[in-house]
Amino acid sequence: MELRPYQQEAKDSIFGEWEKGVSKTLLVLPTGCGKTIVFAKVAEDCVRHGDRVLILAHRGELLEQAADKIATATGLGCATEKAESSCLGSWFRVVVGSVQTMMREKRLGQFPADYFQTIIIDEAHHCISDSYQKVLQHFPDAKVLGVTATPDRGDMRNLGEFFESLAYEYTLPKAIKSGYLSPIKALTLPLKMDLTGVGVQAGDFKSGDLATALDPYLYQIADEMAKYCHDRKTVVFLPLVKTSQKFRDILNSKGFYAAEVNGESPDRAEVLSDFDAGRYNVLCNSMLLTEGWDCPSVDCIVVLRPTKVRSLYSQMVGRGTRLSPGKEHLLLLDFLWHTERHELCHPADLICMDQEVSRKMTENLEEAAGMAVDLEAAENKACEDVVAQREEALAKQLAEMRRRKKKLVDPLQFEMSIQAEDLAGYVPAFGWEMAPASDKQKSALEKLGILPDEIDNAGKAAKLLDRLDKRRMEGLTTPKQIRFLEGRGFQHVGTWKLEAAKNLIDRIAGNGWRVPASIVPQEYIPEG
């Protein structure tokens with residue numbers, strides 16, 4: 001099986017981290033981008049190098065999927081470490097293991113500490129738990145790869161306590177633009193639901209409280225769905241099984257063909273098969289289908305289980321992002337949840353890394369309630385709005401800077417000038433990144449023309465230094481050129497070529513350090 005370009009890059013990056021001596025690294029791929037295929041190919045190469053590989057997961061379905069994909073992608077067979085099945089004595093070099101089984105003292109004690117040379121953790125956001133850590137600590141010298149869909153910042157901070165690096169990340173917007181995942185249109189429904197009485201437990205809303213808060217709105221939600229979902233294949237996520245079953249009945253009373261599945265459903269496989277075949281057009285569930293289930297023809301997702309956890313929200317929406325013949329886009333229904341105390345996930349959180357852009361995009365989508373809006377277009381509009389707001393604030397800041405006659409470029413001015421959203425929205429994840437910027441980093445930044453006082457962590461300093469080095473190699477403007485020319489009213493000098501900026505500065509110098517009368521700085525566009 002030939003890997004897609006980003007999958008090959010991911011695989012190469014993983015081995016690159018291990019070769020550098022980083023033994024615990026992460027791979028982040030959105031749902032539907034083939035993370036199982038990537039780690040199957042990683043496992044294949046590890047076996048080729050003589051390793052014995054353990055693939056850990058927390059659910060039986062994920063283990064079965066992993067074993068099937070490894071067989072399909074590589075031809076390798078897998079032994080199983082689950083319940084009564086054991087890999088001990090097997091000649092297979094790849095083992096798929098249930099963490100619930102592996103963590104047991106009696107089971108774990110049968111394995112020497114060097115039995116596995118490589119451990120791959122599927123759905124790695126679970127690996128901080130004691131059960132996973134117990135298994136990982138038993139094999140202290142093994143190389144570890146964690147694989148997860150897009151995590152939220154809280155997850156990344158937690159994962160950063162165990163993993164030493166992020167080997168590779170492929171984002172949802174990139175996957176959509178490259179044609180590997182379905183475009184998403186978000187539709188905010190003008191139905192205001194009050195969550196102010198809902199409590200929080202273990203970092204997210206309590207399911208029981210959510211069900212109570214949601215119950216009075218179920219008929220209204222069904223009426224709204226009737227306007228947009230009758231000709232779509234829809235999956236609805238709800239907080240409790242009884243709420244899911246009640247909503248199924250309401251939908252059927254409104255003319256839908258709705259089914260419900262839960263962990264106790266004896267006919268679950270049959271219902272899922274019938275839904276896939278089109279015998280039902282709505283499938284209700286209480287968080288059962290967030291992992292390990294694929295139905296590419298799903299083209300509508302309704303999240304009636306509001307959450308604060310971005311990775312969970314991404315998993316729910318990810319049930320509808322796969323490509324399918326005749327599917328033009330995924331429709332994502334969002335609601336005007338009202339909560340006074342807690343932030344909750346919205347469609348913007350699927351693609352926005354910058355929290356300011358995310359907030360603006362959510363505001364814009366709520367103002368456009370009742371209209372389906374393409375997420376990429378909505379993000380672009382929010383970015384423009386935020387840039388305009390930042391530029392207005394920056395103009396005031398620059399005026400103050402000019403009064404103070406600073407000789408160095410403020411990092412914010414530099415980031416805005418070169419239009420670097422990744423720098424402006426940067427949040428440190430790993431321990432070394434959160435440490436204060438070192439004296440060596442500050443000195444290097446100052447020599448290159450950047451004011452280091454506002455840089456409060458080593459990760460940001462490292463990113464700035466890397467960007468400055470890359471810009472030097474690409475022949476782009478220096479911070480000092482940016483400060484000089486933007487101080488005279490020229491716009492976005494950070495996007496210019498170094499030579500163009502030098503030529504203009506030479507003209508200004510030759511004119512007695514005054515901008516020539518023929519040039520209007522705010523309108524000036526350099527040649528080339």
Do Tyr426 and Pro428 come within less than 4.5 Å of each other through their side chains, counting heavy atoms only?
yes
Can you check whether Ala435's main-chain N or O pairs, donor with acceptor, with Asn457's side chain at less than 3.5 Å?
no
Heavy-atom donor-acceptor pair, Lys35 side chain to Glu123 backbone, under 3.5 Å
no
Any side-chain heavy atom of Leu304 within less than 4.5 Å of one from Phe335?
yes
Is there a side chain to side chain donor-acceptor pair (under 3.5 Å) between Thr196 and Asp194? Walk through the geometry before answering.
CA-CA 6 Å; Thr196 52; Asp194 188 1; 2.7 Å; yes
Between Pro239 and Ser286 the two heavy atoms that sit nearest each other are O-OG, 3.2 Å
Minimum-distance pair of heavy atoms, taken over all atoms of Met361 and Ile351:
CE-CD1, 4.0 Å
So, Phe430 versus Trp432, ring centres under 6.0 angstrom or not?
no
Using 4.0 Å as the upper bound for N to carboxylate O, is an ion pair formed by Arg48 and Glu44?
yes
Please lay out, stage by stage, how Asp12 and Gln8 fare under the test side chain to side chain donor-acceptor pair (under 3.5 Å).
CA-CA 6 Å; Asp12 293 343; Gln8 185 63 49; 3.0 Å; yes
Any non-hydrogen side-chain atom of Trp293 less than 4.5 Å from a side-chain atom of Leu283?
yes
Spell out, as yes or no, whether a donor-acceptor pair under 3.5 Å connects the side chain of Arg232 to the backbone of Asn281.
no
Just how far is it from atom CG of Asp354 to atom SG of Cys383, taken to the nearest 0.5 Å?
7.5 Å
Between Leu210 and Leu240, does a side chain to side chain contact (heavy atoms under 4.5 Å, CB included) hold up when you go through it step by step?
CA-CA 9 Å; Leu210 278 177; Leu240 293 179; over 6 Å; no
Does Lys308 use its side chain to pair, donor to acceptor, with the backbone of Val200 at less than 3.5 Å?
no
Rounded distance (nearest 0.5 Å) linking atom CZ of Arg52 with atom OH of Tyr115
4.0 Å
Distance from Lys82 atom NZ to Met102 atom CE, nearest 0.5 Å?
14.5 Å
Among Thr188, Thr362, Asp334, the one residue meeting side chain to side chain donor-acceptor pair (under 3.5 Å) with His346:
Asp334
Less than 3.5 Å apart, which donor and acceptor atoms pair up between the side chains of residues 126-146 and the rest of the protein, not counting sequence neighbours?
unit_1, atom_1, unit_2, atom_2, d
His126, NE2, His58, NE2, 3.4
His126, NE2, Glu291, OE2, 3.2
Ser129, OG, His126, O, 3.0
Ser129, OG, Ser131, OG, 3.2
Tyr132, OH, His58, N, 3.1
Gln133, NE2, Cys127, O, 2.9
Lys134, NZ, Met103, O, 3.3
Lys134, NZ, Glu105, OE2, 3.2
His138, NE2, Leu108, O, 3.1
His138, NE2, Phe111, O, 2.7
Lys143, NZ, Asp51, OD2, 2.8
Lys143, NZ, Thr118, OG1, 3.3

Ser86: partners by side-chain hydrogen bond (donor to acceptor under 3.5 Å, both in side chains), with sequence neighbours left out:
Glu81
Run the side-chain contact (heavy atoms from CB on, under 4.5 Å) test against Lys174 and tell me which residues pass, sequence neighbours left out.
Tyr170, Thr171
Identify the residue among Leu54, Val47, Ile120 that makes a side-chain contact (heavy atoms from CB on, under 4.5 Å) with Val94.
Val47
Is it true that a side-chain atom of Tyr6 and a backbone atom of Cys33 form a donor plus acceptor pair closer than 3.5 Å?
yes
Just by distance, do the side chain of Arg268 and the backbone of Glu264 share a donor-acceptor pair under 3.5 Å?
no
Residues at least two apart in sequence or cross-chain that pass salt bridge (Lys or Arg N to Asp or Glu O under 4.0 Å) with Glu9, listed by chain then number, are none
Hits for salt bridge (Lys or Arg N to Asp or Glu O under 4.0 Å) against Lys11, two or more places apart or cross-chain, chain-then-number order -> Asp45
Scan residues 197-218 for pairs that pass side-chain hydrogen bond (donor to acceptor under 3.5 Å, both in side chains), counting only residues two or more places apart or in two chains.
Asp204-Arg305, Asp204-Thr307, Asp215-Lys246
Side-chain donor-acceptor distances from residues 221-230 under 3.5 Å, at least two apart:
unit_1, atom_1, unit_2, atom_2, d
Asp223, OD1, Lys254, NZ, 2.8
Glu224, OE2, Lys227, NZ, 3.3

Counting C-beta onward and ignoring hydrogens, is there a side-chain heavy-atom pair between Asp299 and His329 closer than 4.5 Å?
no
Heavy atoms only: give me the nearest Thr31-Thr321 pair and the separation to one decimal.
O-OG1, 3.5 Å
Sorted by chain and number, sequence neighbours left out, side-chain hydrogen bond (donor to acceptor under 3.5 Å, both in side chains) with Ser165 holds for Glu17, Thr25
If you apply the rule side chain to side chain donor-acceptor pair (under 3.5 Å), what do you find for Thr148 with His125, and how did you get there?
CA-CA 6 Å; Thr148 184; His125 46 278; 2.8 Å; yes
Please check if the side chain of Glu169 supplies one atom and the backbone of Leu166 the other of a donor-acceptor pair under 3.5 Å.
no
Side-chain contact test, heavy atoms from C-beta onward, threshold under 4.5 Å: evaluate it for Ile119 versus Ile55 and give yes or no.
no
Which is it for Ser297 and Lys233 under the side chain to side chain donor-acceptor pair (under 3.5 Å) test, yes or no, and what are the steps along the way?
CA-CA 7 Å; Ser297 54; Lys233 197 165 191 173; 2.9 Å; yes
Listed by chain and number, what are the side-chain hydrogen bond (donor to acceptor under 3.5 Å, both in side chains) partners of Arg104, not counting sequence neighbours?
none
Under the ring-ring contact (aromatic ring centres under 6.0 Å, His included) definition, can you give me all pairs with a residue in residues 15-52, not counting sequence neighbours?
Phe15-Trp18
Listed partners of Ser90 passing side-chain contact (heavy atoms from CB on, under 4.5 Å), at least two apart
Ala79, Phe92
Could you tell me which residues satisfy salt bridge (Lys or Arg N to Asp or Glu O under 4.0 Å) with Asp274, sequence neighbours excluded, listed by chain and number?
Arg279
Flag, side chain of Gln7 to backbone of Leu3, donor-acceptor distance under 3.5 Å
no
Between Ser314 (side chain) and Arg310 (backbone), is there a donor-acceptor pair under 3.5 Å?
yes
Name the one of Asn262, Asn285, Val261 that satisfies side-chain contact (heavy atoms from CB on, under 4.5 Å) with Val241?
Asn262
Nearest-0.5 Å distance that lies between atom CG in Leu344 and atom CG in Leu195
6.5 Å
